[in-house]
Amino acid sequence: MESNEKIKTNFIHQEIDKDLSENKNGGAVLTRFPPEPNGYLHIGHAKSICLNFGLGKYYKGGTNLRFDDTNPVKEETEYVESIKEDVNWLGFQWNDEPKFSSDYFEQLYDWAVLLIKDGKAYVDDQSAEEIAEQKGTPTIPGLESPNRNRSVEENLDLFERMRKGEFKNGERVLRAKIDMASPNMHMRDPLMYRIIHANHHRTGDKWCIYPMYDYAHGQGDFIEGISHSICTLEFEVHRPLYEWFLNSILEALPEKPATIPRQIEFARLNLNYTVMSKRKLLQLVNEKYVAGWDDPRMPTISGLRRRGYTPESIRRFADEIGVAKRENVIDVALLEHCVREDLNIRAPRVYAVLDPVKVVITNYPEGEVEWMEAINNPEDESMGSRKLPFSREIYIERDDFMENAPKKFFRMDVGREVRLKNAYIVMCEGITKDADGNITEIQCTYDPDTKSGMEGSKRKVKGTLHWVSIEHAKTVKVKQYDRLFMDEAPDGHKDKDFLDFLNPDSLSVVNECYIEPNYMDAGSNFADGIARYQFQRLGYFCIDKDSTESNVIFNRTVTLKDSWSKAKK
RNA sequence: UGUCCCAUGGUGUAAUGGUAACACACCUGGUUUUGGUCCAGGCAUUUAAGGUUCGAGUCCUUAUGGGACAACCA
C-alpha cells in the first residue's frame with residue numbers, strides 16, 4: 001500500500017525546497033492542521049489534511065493538530081472529538097498531544113502588552129458600527145479612531161481592565177496600530193482582542209477577552225515552531241498582517257527564535273453536485289434535510305466513512321486532484337472512481353438481489369440443494385472462496401428480465417439462454433403475470449451439463465446473472481444513496497437557494513433485500529472495522545453502524561460503472 | 001475607480017526557456033461466468049495581442065476573463 005502512494009510534487013514542495021536550500025529555520029519543516037472546532041470536517045478538509053500531513057511526513061518533521069478555538073460562542077468539545085477521530089481514521093497521526101490556541105492565551109496577552117508598550121496597539125472605545133464606518137472601502141481610505149493616540153499608560157490600564165471583566169461585550173477592543181489608509185483592508189488597524197463574556201469549552205470563565213484569528217494564528221504557529229503555515233487562498237490578503245504581527249513581536253523579543261513561520265496559500269477544493277460551506281452543511285443538518293453530520297449523502301469525512309468510502313480512497317483522491325493556486329471544481333466522478341478502484345481490489349463479491357422476481361427452475365428437483373463454489377474476489381486469489389446454495393426457486397433482479405427484449409439486451413427473455421453465475425445455464429420457458437400485467441414468476445429449465453466448472457459450462461452465453469436461492473436467502477435492509485443535489489453547482493445561482501436543487505431521490509430504502517446466507521464467509525476485512533462488499537453486478541455496499549444482528553442495514557457506497565444503462569439511452 | 005491572486009482539453013494536475021505529459025470524464029474496439037475489472041486506441045499547439053530569444057505554456061508589456069479583501073468569524 002505504502003509503495004504505490006507515490007509523491008506528487010506541487011508548488012508548495014518547491015517553496016519548501018527553496019527555503020531548505022537557503023537553510024531557513026535551520027532546515028526544520030513542521031506543518032500544522034488548524035481546524036476551528038465549530039463543525040465536522042469535510043472532504044475539503046481532507047485535502048488540507050493530506051497536504052499538511054503529507055508534507056510533514058515527506059520532510060520528516062511531522063504535523064501538529066491545532067484547534068483554533070478563539071471564539072467560545074461557536075466551539076464545542078463534540079467537534080474536537082469528531083475532528084480527532086476523522087484525522088485518525090484518514091490515517092494520520094499528529095505530533096505529541098493536540099494543541100489548542102487557547103493554550104496560548106496567556107502568552108498572547110503578554111505579547112499584546114508588549115505591542116502596547118511599543119505603541120503598536122491601542123484600546124478603542126468605539127462601537128463595532130463606528131469602527132466599521134471608519135474603515136473606509138477598498139478604494140476609499142479609512143479614518144483614524146479618536147482613541148488612536150492614547151498614551152501607553154492609558155492603553156495598558158484599559159487593556160488590563162478589559163481582561164478583568166470591567167467592560168461589557170463590545171465596549172472596548174484592542175486594535176493594532178498600523179495604517180488606516182492601507183490599500184489592504186486588513187491593515188487598517190485590525191482588531192486584536194474583543195470582549196466576549198461566554199464560557200469557553202476549555203478555559204471556562206477564565207477569560208473574557210479573546211484574540212482574533214489574525215492575532216492568534218501566526219503567533220500560534222510561532223509558538224509551536226511551525227515552519228510552513230499552509231492555508232487557503234482567501235487568507236492571501238491576510239499575509240501582510242500575519243507578517244506584521246510576527247515582526248512586531250520579534251522586534252520586541254530579546255532573542256531571535258529558531259523558526260519563523262511562513263504562510264503559503266493554496267486553492268481550496270470544490271466538488272460538483274454538493275456544497276462545502278460549513279454554514280450550509282449545518283443548515284442541512286439542522287433543518288433535517290439529512291439525518292446528521294454523518295449522513296452518507298454528506299460530503300463530511302464522517303458521512304463518507306458511513307457511506308463506505310475507505311481512507312485509502314480519500315487519500316488517493318487528494319493525491320489525484322493535486323494542489324495549486326487556481327480556483328477549481330473537481331468532478332465528483334473522480335471521487336467515485338477512487339473508491340471503486342480501491343474496493344475493486346479489496347471488497348469481496350457477494351450475491352444480493354435488491355428488486356426480486358421469482359424464477360422457478362422447473363426441471364430442477366424439488367428439495368434439492370447444491371452448494372456452489374464462489375470466488376470471493378477475482379482480483380485477489382488469496383481471498384479464497386465460499387459456498388453458495390442453489391435450489392429450484394431463486395430470485396433474480398427484475399431488471400434482468402425483459403419481455404420481447406431487443407437484441408442488445410443480454411439478459412433473460414422468453415426463449416433465451418442466460419448463465420446463472422456460478423451455477424447453470426438456464427433457458428427461459430415462460431412467465432406468469434398478475435391481473436395488472438406484472439410478472440409474478442418466471443419459468444426456466446436448466447441444462448445439468450452446464451454446471452460451473454463442467455465442460456458444458458464453457459458454452460458461450462451472452463448474459464450472466466446474479467441470483468439468490470429463495471429458501472436460503474437472508475433478508476436485509478439496503479439504503480441506496482444518490483447525489484444530494486441535482487445541480488452541478490447548487491450554491492452557484494444568484495437567484496436561487498441551494499435547497500431548491502435538493503434531489504428528492506437522494507435516498508431510497510429497500511426494506512427487503514435478499515442476500516446469500518453466508519455472505520460473511522466471503523471475509524470482508526478492512527482495518528477500520530467496516531465490512532464492505534461488492535454486491536455482484538450492482539455496486540459496493542457497506543454495513544451501516546446502526547445494524548444489529550437481527551436487523552442488518554447496508555449502505556450503497558457507489559454503483560458499479562454501468563455501460564449498459566448508458567447504452568439504453 | 002484600489003491592492004493582491006489566478007488563467008494549459010469537458011474536469012483537474014504536470015511540463016522549472018528545448019517542441020504539451022498523467023488522471024478522471026467521454027467515444028471506439030478487444031478480453032471476460034460481473035454490461036464490473038483488464039487491454040488497445042481516440043480526444044488541446046496552452047485566453048488574446050505585442051515583445052525578448054536560435055527557441056516561449058514558461059520571461060516582459062498590455063488587454064480580456066475569473067477570484068479574494070471593507071465580520072468584535074475562522
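Model, not experiment: these values are computed from the prediction. No hydrogens, no waters, no symmetry mates; every other heavy atom, side chains included, goes into these values.
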When you compare the ring of A/Tyr213 with the six-membered ring of B/A74's base, are the centres less than 5.5 Å apart and the planes under 30° from each other?
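Not stacked by the 5.5 Å and 30° rule.
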
Is there a donor and acceptor pair closer than 3.5 Å between the side chain of A/Glu236 and the base of B/G67?
no

Tell me whether the side-chain N or O atoms of A/Arg340 pair up with the base of B/U37 as donor and acceptor below 3.5 Å, since no angle test is needed here.
no

From [options], nucleotide with atom closest to [X] side chain:
X: A/Glu36; options: B/C69, B/U13, B/A74; result: B/A74
X: A/Asn71; options: B/C72, B/C69, B/A74; result: B/A74
X: A/Ile196; options: B/C5, B/C73, B/A70; result: B/C73
X: A/Ile131; options: B/A74, B/U34, B/C72; result: B/C72
X: A/Arg537; options: B/A74, B/U33, B/G35; result: B/G35
X: A/Ala333; options: B/A25, B/U34, B/C69; result: B/A25
X: A/Glu327; options: B/U34, B/G35, B/G67; result: B/G67
X: A/Lys421; options: B/G67, B/U33, B/U13; result: B/U33
X: A/Asn328; options: B/U34, B/U13, B/C73; result: B/U13
X: A/Asn10; options: B/G36, B/A14, B/A74; result: B/A14

Taking [atom1] from [X] and [atom2] from [N], how many angstroms apart are they, rounded to a whole number?
X: A/Leu143; N: B/A70; atom1: CG; atom2: P; result: 18 Å
X: A/Phe317; N: B/A25; atom1: CZ; atom2: C1'; result: 14 Å
X: A/Leu334; N: B/G10; atom1: CG; atom2: P; result: 18 Å
X: A/His45; N: B/A74; atom1: NE2; atom2: C1'; result: 10 Å
X: A/Glu417; N: B/U33; atom1: CD; atom2: P; result: 15 Å
X: A/Arg419; N: B/G35; atom1: CZ; atom2: C1'; result: 15 Å
X: A/Glu320; N: B/A23; atom1: CD; atom2: P; result: 9 Å
X: A/Ile330; N: B/G10; atom1: CD1; atom2: P; result: 16 Å

For [X] and [Y], which I'm curious about, is there any donor-acceptor pair between the side chains at under 3.5 Å?
X: A/Asn377; Y: A/Glu379; result: no
X: A/His493; Y: A/Asp487; result: yes
X: A/Ser101; Y: A/Asp68; result: yes
X: A/Thr274; Y: A/Arg483; result: no

Does the ring centre of [Y] sit less than 6.0 Å away from the ring centre of [X]?
X: A/Phe235; Y: A/Tyr213; value: yes
X: A/His201; Y: A/Tyr79; value: no
X: A/Tyr514; Y: A/Tyr351; value: no
X: A/His238; Y: A/Tyr242; value: no

Strictly below 4.0 Å: does [X] bring a side-chain N or O up to OP1 or OP2 of [N]?
X: A/His337; N: B/C24; value: yes
X: A/Lys460; N: B/U32; value: yes
X: A/Lys451; N: B/U33; value: no
X: A/Arg411; N: B/U34; value: no
X: A/Thr139; N: B/U3; value: no
X: A/Thr70; N: B/C73; value: no

Using the [atom1] atom in both, what is the distance from [N] to [M], to the nearest Å?
N: B/G66; M: B/G12; atom1: P; answer: 16 Å
N: B/A20; M: B/C43; atom1: P; answer: 14 Å
N: B/C69; M: B/G36; atom1: C1'; answer: 49 Å
N: B/G17; M: B/C60; atom1: P; answer: 12 Å
N: B/A7; M: B/A14; atom1: C1'; answer: 16 Å
N: B/U19; M: B/C27; atom1: C1'; answer: 28 Å
N: B/G30; M: B/A49; atom1: P; answer: 44 Å
N: B/G29; M: B/A63; atom1: C1'; answer: 47 Å

For RNA chain B, produce a single dot-bracket line, 5' to 3'. Pairs: Watson-Crick or G-U wobble, both distances under 3.5 Å. Symbols: ( ) within strand, [ ] crossing, | other strand, . unpaired.
.((((((..((((....[..)))).(((((.......)))))....(((((..]....))))))))))).....

Does [X] reach a base, just sugar-phosphate, or nothing at all? Heavy atoms under 4.0 Å.
X: A/Ala324; value: sugar-phosphate
X: A/Glu130; value: nothing
X: A/Pro240; value: nothing

Pick out which of A/Lys278, A/Glu75, A/Lys74 makes a side-chain hydrogen bond (donor to acceptor under 3.5 Å, both in side chains) with A/Asn38.
A/Lys278

Where does the angle between the aromatic ring planes of A/Tyr210 and A/Phe105 fall among parallel (under 30°), tilted (30 to 60°) and perpendicular (over 60°)?
perpendicular

